[in-house]
Amino acid sequence: MSEAAGERDRDGMTTPYLQLNNLTKRFGDQIAIDDLTLDVERGTVLALLGPSGSGKTTTLRLLAGFERPDAGSIVVDGKDVTAMSPAQRRFGMVFQHYALFPHLTVGENIAFGLSERSAADRRLRVAEVLEMVDLADFAEREVTALSGGQQQRVAVARALAPEPRVLLLDEPLSNLDPGLRERTRRELRQALAQTHVTTVFVTHEQDEAFALGDCVAVINRGSLEQVGSARDLYEHPATRFVATFVGRASVISGTVASRDRVRVLGGIEWPAELSGALREGAAVSVVVRPEALRFTEGVGVGGTVVECRYTGARAFFLVQTEGEELEIEAPATAAKVGDPVRVTATRTRAYGEDR
Amino acid sequence: MSRGRPTGWLLALVLTWLVVYPIALVTLDSVHGSEGWTAQYLVAFVRDSHEWGALWNSVWISIASVALAGVVGIPLAFVFERLEFPGQRILGALVALPAVLPPLVGVIAFLFLYGETGFVGRVIGALLGTNQAPWRLQGWGAILLVHAYSMYVYFYLFTRAGLAKVDSSMIEAAHSLGHGARSTLFKVTLPLLRPQIGAAALLTFMTSLGSFSAPYIFGGGFRVMTTQIVTSKLNGDLRTSMVETVALAVVAFAGLVLFRRSQGTRSVAAVGKGTPPTARSLVQPMARWSAAALGWTFAVVLLLPHATLILVSLIPVGTWSTQLLPPEYTLGNYQALLAEPERLRPLVNSVWMAATATFAALAIALWAGRVVVQRRVVLRKPIETLTTLPWAVPGTVLAIALAMTFSVRAPWVGRWVLVGTVLILPIAYMVRNIPIVCGSVLAGFRQLDPSLDEAAASLGADRWRTVWRVTVPLLRPALLAGGALAFATALGDFVTSIVLYTFETRPISIEILAALREFDIGIAAAYGVVLMLISAAAMAVGTRR
């Protein structure tokens, strides 16, 4: 995790608002979270991105206080909250299925976290947050009578009402129809920007992570793979997992040819960024984006087009080479299924076999 | 579905005749005699402070029973659903056992255990050197004790079922919104359980209101409405018993309406789906062992009546007088039960009458189910109401109503003389069974795909074949569950039997009472054990998946 650690260089910076320090969580013999360290700056939105079972939801539940870590600490604003109960933490949580209380109205749901305020104060705050999520006249409604999108907004409003120190969202859009998802995502983005609340949310969808997160942390098998902006992750993936999980990519095997070149099929050399110190001749996985590959008349890896997926002017071609497959983005007219082709790459990344 | 219409009306007619008509007749007869309209008996009732006292006793005993049963059953459900400790599984099942103890059997078990000459009484007496218990198991305290013991099961089972469905994220949401365990319990968990707790409260209220065995055996001078009715009837004071019956029916109906009203209309069905909370494993040795100790103590206390009954059934007649523990144990009482034809007869009677009543109720439930699931049937609501109505009618009320309706021969208004024949008890049991069986079977019907019927028809099966080959097999779990519960209830029935039995058709409960009167406690207990075993066996068959 050398690069992830490298980004945690704090010289000249203030202490981050939310710190996760060496968190470890086991369920029986299974390690769900393995020595996870992560910082979130005040007022930013962090996306935890990972495949299902990667430990991202466990991380969120550790933050909320529903689970206690076996090791490590959680620090907010310089104070250790690890031993605090969920009620003491003042973190807001939006659940995947919203967990709205069906025996209370919309307004009562939102007022639920405001029991320490006066009645007048409560009413004011409920109206305020309902206004913010664009449900101004909904206070008296039954939550069971709302649509999925409205329920989601009520859940966000309820979590934001007590002015939480950190807002946590568990797959906030996964329960919505695809058509509604885009709009809700924009509204959510707006609400978060308006409140400047420090936010951590969990998703398994890259689009969602990139659209909502100022910063994305990729988690795999309970460990942090990389933290960075969407662009960082796409262009400089620190690990082979990030390279293949974020965005589309083909992976083929090769060996290191020099400091900036790898040797792939048929002894052909492609330019490469080497990840970490790799000696010449070392076996590597070469990861290449579809847009970094192109068909060539000159020197290239030979193969046959086996599949073509049109997306309009451009198309994705699947080229079968000796035992490996390459996905290439090119003008739709560049080739046909069955054509023998040669392929070359403008840039690739190489990872040691152990990564 | 035009074919369905006439049978639907016929079903409605049959149900009305069996359920509504007798009660209407009783109501009518309480103000209308051979001498014409009269308010005389009504006035006599209203003026009689004993009657008012008994009615009031019935009401407050029922309310107190709800409170007591809830106080025991709800926390118990939380302990067994939310905590994990040694023996939690087996104890959780044992705790539900009072459900298979018929009311009268439960009452006599209590008598043998906590009565003045019961085991606990003798032990305490011996410790005090008086050789007698320093208490008398009588009056409202004894009734409440028995009610709480037998009815907490409703709260326990309903609350557990509800808790298993509560979405864990609801609880977590409350915590993250700053509410602690206590506040979450009262503001989220309990409100979410309102339908289950409300249903248990209603069931307990109705059962207590109709409870007869406990006040009859333990009441002493303490009168409640059910015992008043039977006393009046046995004294030949028919008109008074009718007025009393109407009064009790009115209270029961008012109770039903009030409960329904207080339940409100707001749905508490969860929004979205969720996972139930997992049981919290107690890791702290102290907590673990105190939970286990508490659970085991409770289970032992709950099983004591069952154990007592078995012990007493092994005591030969007249061998146990002043000793602390019976000096002798044999199987003689059971031999007597099986060998003497007059002792065996009540067993045979109860089994065949309960079985007949159960099958008849199942047939009606299937019929009602077919009518109710048919599309666009105006009769759906009336039939659903008719099948649940007997449930709100105390057993004594039903018994008096049937006794009155079927002691007159007037075929043109649907009345025949059935009282004194072998038919009247199975009919009474069946009417009492209708809500139990229909509740289960109609729920099963609603889960059936209606197009299955149409598929069978399109494959050339006629209506009977469809029912027999498609509906019945698919409804098997519902039929078994409802049938088993109905059979066990009918088998142990005491309250309707005592009004309607004849010497030839006397069921087990009546024979238990007779044995008790003759101080044949061993025989009474042996009957109780047999009743308990058959009920338990039926329930085991019914709940098997």
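In the text below, chain A, chain B and the rest are named by the order of the sequence lines, each starting its count at 1.
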Quick one: CE on B:M170 to CG on A:L100, what's the gap to the nearest 0.5 Å? 7.0 Å
Sort by residue number and list every residue of residues 80-93 of chain A having at least one heavy atom under 4.5 Å from chain B. A:P86, A:A87, A:F91, A:M93
pair B:S169-A:Q96: side-chain heavy atoms closer than 4.5 Å: no
So CZ of A:F101 and CG of B:L192: to nearest 0.5 Å the spacing works out to 8.0 Å
For A:R158, is it the side chain, the backbone, both, or neither that has a heavy atom closer than 4.5 Å to a heavy atom of chain B? both
Please say whether more than 12 non-hydrogen atoms of neighbouring residues, nucleotides or ligands are located less than 6.0 Å from CZ in A:F27. yes
Among A:S115, A:A159, A:P164, the residue with the most heavy-atom pairs under 4.5 Å to chain B is A:S115
Kindly check if the number of other-residue, nucleotide or ligand heavy atoms within 6.0 Å of CZ (A:R26) is above 12? no
Set of side chain to side chain contact (heavy atoms under 4.5 Å, CB included) partners for A:Q190, sequence neighbours left out: none
Taking atom CH2 as the centre, does B:W289 end up with more than 12 heavy-atom neighbours from other residues, nucleotides or ligands that are less than 6.0 angstrom away? no
Against chain A, residues from residues 172-181 of chain B with at least one heavy atom under 4.5 Å, in numeric order, are B:E172, B:A173, B:A174, B:H175, B:S176, B:L177, B:G178, B:H179, B:G180
Answer yes or no: does atom CZ of A:R185 have more than 12 heavy-atom neighbours from other residues, nucleotides or ligands under 6.0 Å? yes
So with a 6.0 Å cut-off around CZ of A:R189, is the heavy-atom count from everything else above 12? yes
Atom CD of A:E205 with >12 non-hydrogen neighbours under 6.0 angstrom: yes
Under the side chain to side chain donor-acceptor pair (under 3.5 Å) test, which residues partner B:E384, sequence neighbours left out? B:R446
Report yes if some heavy atom in the side chain of A:F112 is under 4.5 Å from a heavy atom in the side chain of B:V188; otherwise report no. yes
